[in-house]
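Structure record follows, encoded as C-alpha cells.
Per chain, numbering begins at 1; letters A, B, ... match sequence-line order.
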There are 2 protein chains.
Amino acid sequence: MVTRRTESTDRKTRTDAERNRERILEVAKKAFTRSGANASLDEIAKQAGIGPGTLYRHFPTRDELIEAVYRTEVEKLAAAEQTFAETMPPLDALRAWMLLFVDYIATKKIIAPALNSMVGGPSKMFEASHAQIWEAIRVLVKRAVDSGAIRKDLDPIDLLRALIGVANVATSPDWQKSARRLVDILITGARSGG
Amino acid sequence: MVTRRTESTDRKTRTDAERNRERILEVAKKAFTRSGANASLDEIAKQAGIGPGTLYRHFPTRDELIEAVYRTEVEKLAAAEQTFAETMPPLDALRAWMLLFVDYIATKKIIAPALNSMVGGPSKMFEASHAQIWEAIRVLVKRAVDSGAIRKDLDPIDLLRALIGVANVATSPDWQKSARRLVDILITGARSGG
DNA sequence: TTGTTATCCGGAGGCTACCTCCGTTTTTAT
DNA sequence: ATAAAAACGGAGGTAGCCTCCGGATAACAA
C-alpha cells in the first residue's frame with residue numbers, strides 16, 4: 001500500500017509521455033554509440049523532436065539516461081546466462097559468458113561509456129544494472145565451484161573487474177584475440193587445484 | 001637535422017613560459033585528483049594565476065594536459081620495474097609490479113581519469129606513456145618467461161588490460177583485497193604448464 | 001460529448017565552460 | 001638601448017546544461 005496525498009485515484013501515465021520516453025531512448029542509443037557518453041543532450045532532444053525540458057523530465061541526469069539505455073543491453077546479457085547454464089558444462093558456460101560479455105561491450109559501444117562515467121563521481125547509476133550482471137556471473141561461478149571445476153574462494157566480482165579492463169581497451173583492432181587470451185588466463189587461474 | 005625556415009638562430013624557451021607550464025601542471029594535478037577529468041580548465045588557469053589563453057597555448061587540448069600530468073606518475077611506475085627486477089625473482093617481481101600498478105592508480109586517482117578519457121575518442125594521449133608502461137611489463141614478463149616461470153605465449157598487454165579493469169572499479173572500499181585476488185588469479189593463470 | 005483536472009510538453013533564457021583571437025607585455029639577443 | 005621574437009591574458013563568440021512556467025493535451029467523470 002502506498003500513501004495517497006489526495007482522495008483522487010491514480011491515473012495511468014499519459015500515452016504521449018510514454019511515446020516520448022521511448023523516442024528519447026531510441027535516439028540516445030544511437031547518439032551514445034556514435035559520440036560516446038558526452039553526446040549533447042539538447043541535441044538528442046532535438047533529434048527526438050521534443051524540447052530539452054521534456055528530456056530532462058524523463059531523465060533528470062545524464063547518468064539516468066545512460067543507465068536506461070544501458071539497461072536493455074544488460075538484460076540481454078543476463079538472459080544469456082540462463083541459456084549457457086542450461087546447455088553447457090559449468091566451466092564452459094562461464095567461459096562463454098565471459099567472452100560474450102567482452103564481445104558485447106566492444107561491439108555495441110554503449111556499455112563502455114556507461115562504465116566510464118561511473119568512475120570519478122558518486123553516481124548511483126549502474127546499481128540496478130550491476131545487480132543483474134552480478135547475479136548472472138554469480139550463478140555461473142557458483143555452478144562451476146559446485147562442480148569442482150574452479151577454486152572455491154573465487155569472488156565473481158574479481159572476474160568482472162578484469163573483464164571491464166578488456167572492454168575499456170577494446171578499441172584496438174586486435175582486441176578480440178587479446179580478450180580471448182585474457183579470458184583463458186582468468187579461467188586457468190581460477191581453476192587452481194582442480 | 002631539422003629544417004630551418006629562416007637564417008635566424010633558435011632561441012631558448014623563455015623562462016616565464018617554463019615557469020607557467022610547471023605552475024599549470026602543479027594546479028592541474030590537484031584539480032584532476034579532486035574533481036576528476038572534467039575539472040574546469042578555465043578554473044585551473046585562474047588558480048595558476050594565468051589567462052585561459054596561456055593554458056591552451058601550453059596544452060591545446062584537455063587530453064594533452066591530462067597526459068602531461070599523467071606522465072610523471074607513469075615514469076615512477078616505469079622506474080619501479082627496474083628496482084623489482086634487480087631485487088626479486090622473476091615471478092615475484094612481476095606480481096609485485098602488478099600490485100603496485102593497481103595500488104598506484106587507485107591511490108592517486110590521476111591515472112584513472114586519464115584512462116577513461118582515452119576511451120570513446122581518437123585521442124593520441126597515452127601513446128607516449130603507454131610505451132613506458134608497456135616496456136616495463138614487457139621486461140618483467142620476458143624475464144619470467146625466460147626463467148620458465150610462466151607460459152611462453154603470454155602477451156604482456158593482456159595483463160595490463162586486466163589490471164586497468166581493477167583500477168577502474170577501485171572506488172569500492174574493499175578494492176585492495178579484490179585487486180590482490182585478481183592478481184593472484186592472473187599469475188596463476190599465466191603459469192599454466194609451468 | 002463536454003467539462004474538469006492532473007499530467008505533460010516545449011522552448012526561451014540564465015548560467016557555465018570551452019576555446020580563440022589579437023593587442024599588449026615580457027624576454028632574449030644584438 | 002633597441003629590435004624582434006615569444007609569450008601573456010582576458011574579452012568574447014559559441015555551445016551545452018538545466019530550469020521554469022505558460023500553454024497544450026490526455027485521462028477521467030458526468
Side-chain angles (χ1 to χ4, degrees), chain A residues 2-28 30-32 34-68 113 117 120-121 123 125, chain B residues 2 4-28 31-32 34-68 113 117 120-121 123 125:
Chain A
V2 181
T3 45
R4 302 191 185 286
R5 68 174 51 83
T6 77
E7 296 181 27
S8 69
T9 63
D10 291 345
R11 293 184 177 184
K12 71 176 185 181
T13 51
R14 281 168 52 164
T15 54
D16 55 346
E18 182 60 27
R19 182 166 42 82
N20 280 332
R21 184 190 158 86
E22 285 175 12
R23 207 173 268 179
I24 292 170
L25 285 176
E26 194 175 349
V27 173
K30 292 177 189 170
F32 287 139
R34 181 171 9 91
S35 316
N38 291 336
S40 165
L41 297 191
D42 280 27
E43 181 62 26
I44 289 176
K46 193 180 297 180
Q47 287 184 15
I50 61 173
T54 302
L55 189 152
Y56 282 95
R57 195 175 328 100
H58 282 288
F59 307 98
T61 71
R62 162 180 246 95
D63 280 353
E64 276 176 84
L65 176 55
I66 292 177
E67 208 273 340
S117 89
S123 155
M125 178 181 60
Chain B
V2 181
R4 302 190 185 285
R5 67 174 50 84
T6 77
E7 298 181 26
S8 70
T9 63
D10 292 346
R11 294 185 176 183
K12 71 176 186 182
T13 52
R14 276 169 54 167
T15 54
D16 55 345
E18 182 59 26
R19 182 165 42 82
N20 279 333
R21 184 190 157 86
E22 285 174 13
R23 208 174 265 179
I24 292 170
L25 285 176
E26 194 176 348
V27 173
F32 287 139
R34 181 170 10 91
S35 316
N38 291 336
S40 165
L41 298 190
D42 280 28
E43 181 63 26
I44 290 176
K46 191 180 297 179
Q47 287 184 15
I50 61 174
T54 301
L55 189 152
Y56 281 94
R57 194 174 327 101
H58 281 288
F59 307 98
T61 71
R62 162 179 248 99
D63 280 353
E64 277 176 83
L65 177 55
I66 292 177
E67 208 273 339
S117 87
S123 156
M125 177 181 57

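Rounding to whole angstrom units, CG of residue B:Leu65 and P of C:dC19 are separated by 11 Å. Separating the CZ atom of B:Arg11 from the C1' atom of C:dT28 is a distance of 5 Å, rounded to the nearest angstrom. For the pair A:Arg57 CZ and D:dC21 C1', the computed distance is 11 Å after rounding to whole Å. In this entry the distance linking CZ of B:Arg23 with C1' of D:dC8 reads 13 Å, nearest Å. For the pair A:Asp16 CG and C:dC9 C1', the interatomic distance rounds to 8 Å; values are reported in whole Å. In this entry the distance linking NZ of B:Lys46 with C1' of D:dA11 reads 13 Å, nearest Å. Following rounding to the nearest Å, B:Lys12 (NZ) and D:dA7 (P) show an atom-to-atom distance of 13 Å. The interatomic distance linking A:Ile44 (CD1) with C:dG11 (C1') rounds to 18 Å, in whole Å.
Contact annotation: A:Asn20 side-chain N/O to C:dC9 OP1/OP2 distance is under 4.0 Å. Taking only side-chain nitrogens and oxygens, B:Thr15 never comes nearer than 4.0 Å to OP1 or OP2 of D:dA7.
Among the atoms of the strands shown, base atoms are found under 4.0 Å from some heavy atom of A:Thr54.
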Could you write out each protein N or O paired with an N or O of nucleotides 23-25 of chain C at a distance under 3.5 Å?
none

Any N/O pairs under 3.5 Å between the protein and nucleotides 16-18 of chain D? List them or say none.
from, atom 1, to, atom 2, distance (Å)
D:dC17, OP1, A:Arg62, NH1, 2.9
D:dC17, OP1, A:Arg62, NH2, 3.3
D:dC17, OP2, A:Ser40, OG, 3.3
D:dC17, OP2, A:Leu41, N, 2.8
D:dC17, OP2, A:Asp42, N, 3.4
D:dC18, OP2, A:Tyr56, OH, 3.2
D:dC18, N4, A:Asp42, OD2, 3.3

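Summarising the geometry of A:Asn20 relative to A:His58, their closest heavy-atom pair is CB-NE2, 4.2 Å, with the distance given to 0.1 Å. Across all their heavy atoms, A:Ile24 and A:Thr54 have their closest contact at CD1-O, 4.4 Å. Closest approach of B:Ile50 to B:Leu55, counting heavy atoms only: CD1-N, 4.0 Å. In this structure, A:Ala39 and A:Ile44 approach most closely via the heavy-atom pair CB-CD1, 4.5 Å.
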Check step by step if side chain to side chain contact (heavy atoms under 4.5 Å, CB included) holds for A:Lys30 and A:Val27. CA-CA 5 Å; A:Lys30 292 177 189 170; A:Val27 173; 5.8 Å; no
List the steps and the verdict of side chain to side chain contact (heavy atoms under 4.5 Å, CB included) for A:Glu26 and A:Glu22. CA-CA 6 Å; A:Glu26 194 175 349; A:Glu22 285 175 12; 5.9 Å; no
One pair to check against side chain to side chain contact (heavy atoms under 4.5 Å, CB included): A:Tyr56 and A:Asp42. What are the steps and the verdict? CA-CA 9 Å; A:Tyr56 282 95; A:Asp42 280 27; 4.2 Å; yes
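Where A:His58 and B:Thr13 each meet DNA chain C at their nearest nucleotide, the meeting point lying more 5' is that of A:His58.
Listed for the A:Arg21 side chain is no donor-acceptor partner under 3.5 Å among the backbone atoms of A:Phe59. For the pair A:Arg62 (side chain) and A:Ala37 (backbone), a donor-acceptor distance under 3.5 Å is present.
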